[in-house]
Amino acid sequence: MDFKLHNTDDRSGARTGEITTDHGKIKTPIFMPVGTLGSVKGIHQHELKEDINAEIILGNTYHLYLRPGLDVLEQAGGLHKFNGWDRPILTDSGGFQVFSLAENRKLTEEGAMFRSHIDGSKHMFTPENVMDTQRSIGADIIMAFDECPPGTSSYEYAEKSLGLTQRWLERCVDRFDNTKGKYGYSQTLFPIVQGCVYKDLRIKAAEHAASLNRDGYAIGGLAVGEPTPDMYEMIEVVNQVLPENKPRYLMGVGTPINILEAISRGVDMFDCVMPTRNGRNGMIFTSEGTLNMRNLKWAKDFTPLDTNGTSYVDSFYSKAYVRHLIRSNELLGAQICSIHNLAFYLWLVREAREKIDEGTFSEWKKIMVEKLGRRL
RNA sequence: GGGGAGAUACCAAAGUGGCCAACUGGGGCGGACUGUAACUCCGCUGACUUCGUCUUCGUAGGUUCGAAUCCUGCUCUCCCCA
């Protein structure tokens, strides 16, 4: 994997760049749709390419390991072949499941023992076997196995947790560097910087990660219950330490506003379930603010879903029709809103790139943040 | 014509003397959702001058300290037999 930094904004930390992988290039800043189980929920691969313009999507190690399982993925020739997505893929390691499925796992120095949420069977995830699993899945960018502690963790716990994450990271690097990709193209490993909302822990974590000299770095453990200003501060702190010439990936974030704020603090990559999950639940994001498509006020609004939207669903379907679909629990409603939201997120980062290159990012961001916060 | 069952809030459906302004679904309205156990979850849903008051359980009376619940008349609905 290669990263070229293009332009940096004078008045903020925002920058544009380009990542090159064996499955193609990615312009940064970028938003990556989440496809946990090898599918971006409700979205065809051709829609991801043609309507949404996704350049890279995510998969999840924990979920893909449980279903369909590594034997299937290996026989398929890796996830790209299995799901027909020939552009880059990034897999999360299962570290987030350490957080989200906390009730179903036990942490030890060795790793995390998960009780499957599907059938209750036990599965030990270690830094080593998570690397192996991600080799089998075959993502272009794979993530270190970490503990994602809650945003409300005490300093004491955060420090202890970070220690574990750092030891795991070294084991991940070790294993990764001593194994090879299974399908003939190269993979790269991103460390994840933890440390909750504690500045000194974040700095320590970022320095440690940077010392491992990888192709890119992730900031994890944010948007998990801590106040938003704390999140922004941690991003700043970490990005002051991480090398400038490597991409920075803010994991799991976020709202359109979060993304602009993070871009202005030097983040290059994002992923979040929000556009798809909220879309399925009838909420859409637009450049003028958010809309709850269930609301009565759209019942007889036959204007296009989003006149400023860039995808075909925006001009083809009316608000009234989408409201009807969502309220009637029609699958098409969830699909339309998901396509719209993803297309909007990709538009947002595309626009941000343009503004950064033009040198007008800061002014544009200010106006956008105000508009994005509105509720229509 | 004979026999039987039943009428509860927008719908369905509990409740069969006080803990009932009335369980539970659905529907309606609103909200939440941030490396996806999520087409999910959470509120509200008789009225009002809302830590209280008023009017409700087909309808008109009655019994009782007290009735959606018991009794009588009426109206309507459904089922079975002819």
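Computed over heavy atoms, backbone and side chain alike; hydrogens, waters and symmetry mates excluded. Please read all numbers here as calculations on a predicted model, not as lab measurements.
At whole-Å resolution of the value, CZ in A:Arg327 and P in B:G27 are 10 Å apart. The separation between A:Phe285 atom CZ and B:A32 atom P is 10 Å, rounded to whole Å. The distance from atom CZ of A:Phe145 to atom C1' of B:G35 is 13 Å, rounded to the nearest whole Å. Per the geometry, CZ belonging to A:Arg375 stands 10 Å off P belonging to B:G30, to the nearest Å. Straight-line distance from the CZ atom of A:Phe99 to the C1' atom of B:G35: 10 Å, rounded to whole Å. Per the geometry, CG belonging to A:Leu296 stands 11 Å off P belonging to B:G31, to the nearest Å. At whole-Å resolution of the value, CG in A:Asn341 and P in B:U34 are 14 Å apart. Rounded to whole Å, the distance from CG on A:Leu250 to C1' on B:G35 is 9 Å.
Annotation: B:A68 and B:A7 have their P atoms spaced 15 Å apart (nearest Å). Rounded to whole Å, the separation between the C1' atoms of B:U77 and B:U59 comes to 15 Å. For B:G46 and B:A38, the P atoms lie 34 Å apart once the distance is rounded to whole Å. B:C44 and B:U34 have their P atoms separated by 23 Å, with the value rounded to a whole Å. Nucleotides B:U16 and B:C70 have their C1' atoms positioned 9 Å apart, rounded to a whole Å. To the nearest whole angstrom, the two C1' atoms, one in B:A22 and one in B:A13, are 13 Å apart. Nucleotides B:G28 and B:C80 are separated by 34 Å at their P atoms, to the nearest Å. Straight-line distance between the C1' atoms of B:A14 and B:A9: roughly 13 Å, to the nearest whole Å.
A centroid separation of 6.0 Å or more is found between the aromatic rings of A:Tyr62 and A:Phe96. You'll find the ring centres of A:Tyr217 and A:Phe190 outside the 6.0 Å limit. Between A:Tyr345 and A:Phe31, the ring center distance clears the sub-6.0 Å criterion.
Under a cut-off of 6.0 angstrom, the local environment of CD in A:Glu244 is sparse, with at most 12 non-hydrogen atoms contributed by other residues, nucleotides or ligands.
Shown here, B:U49 forms no base pair; nothing in the strands shown gives a Watson-Crick or G-U wobble contact with both key distances under 3.5 Å. For B:G43, the paired base is B:C29 (Watson-Crick or G-U wobble, both distances below 3.5 Å). When Watson-Crick and G-U wobble pairs are counted only if both distances are under 3.5 Å, B:U34 pairs with no nucleotide at all. Both distances falling under 3.5 Å, in either a Watson-Crick or a G-U wobble arrangement, place B:A5 opposite B:U77.
Backbone-only engagement by A:Arg323 is indicated by non-hydrogen atom pairs under 4.0 Å involving sugar-phosphate atoms exclusively. Using a 4.0 Å heavy-atom criterion, one finds that A:Arg115 contacts no nucleic acid atom at all. A:Asp146 comes within contact range of at least one nucleobase, with a heavy-atom separation under 4.0 Å. A:Met32 comes within contact range of no nucleotide atom at all, as no heavy-atom separation falls under 4.0 Å. The residue A:Gly221 sits close to a base: some heavy atom pair falls under 4.0 Å. Contact annotation for A:Glu226: no contact, since no heavy-atom pair falls under 4.0 Å across all strands.
For A:Arg248, there are no salt bridge (Lys or Arg N to Asp or Glu O under 4.0 Å) partners two or more places apart in sequence or in a different chain. Not counting sequence neighbours, the partners of A:Asp2 by the salt bridge (Lys or Arg N to Asp or Glu O under 4.0 Å) test are A:Lys4.
Side-chain N/O atoms of A:Asp314 and A:His340 include a donor and acceptor closer than 3.5 Å. Side-chain atoms of A:Asp146 and A:Gln194 include a donor-acceptor pair closer than 3.5 Å.
Inter-residue side-chain proximity for A:Phe3 and A:Thr20 is flagged as unmet; no heavy-atom pair is nearer than 4.5 Å.
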- Message: Walk along nucleotides 36-44 of chain B from 5' to 3' and tag each nucleotide B, S or - by protein heavy-atom contact under 4.0 Å, base first, then sugar-phosphate.
- Response: BBBBB----
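Closest approach to the A:Asn295 side chain among B:U34, B:G35, B:G31 is made by B:G31 (side chain taken as heavy atoms from C-beta onward).
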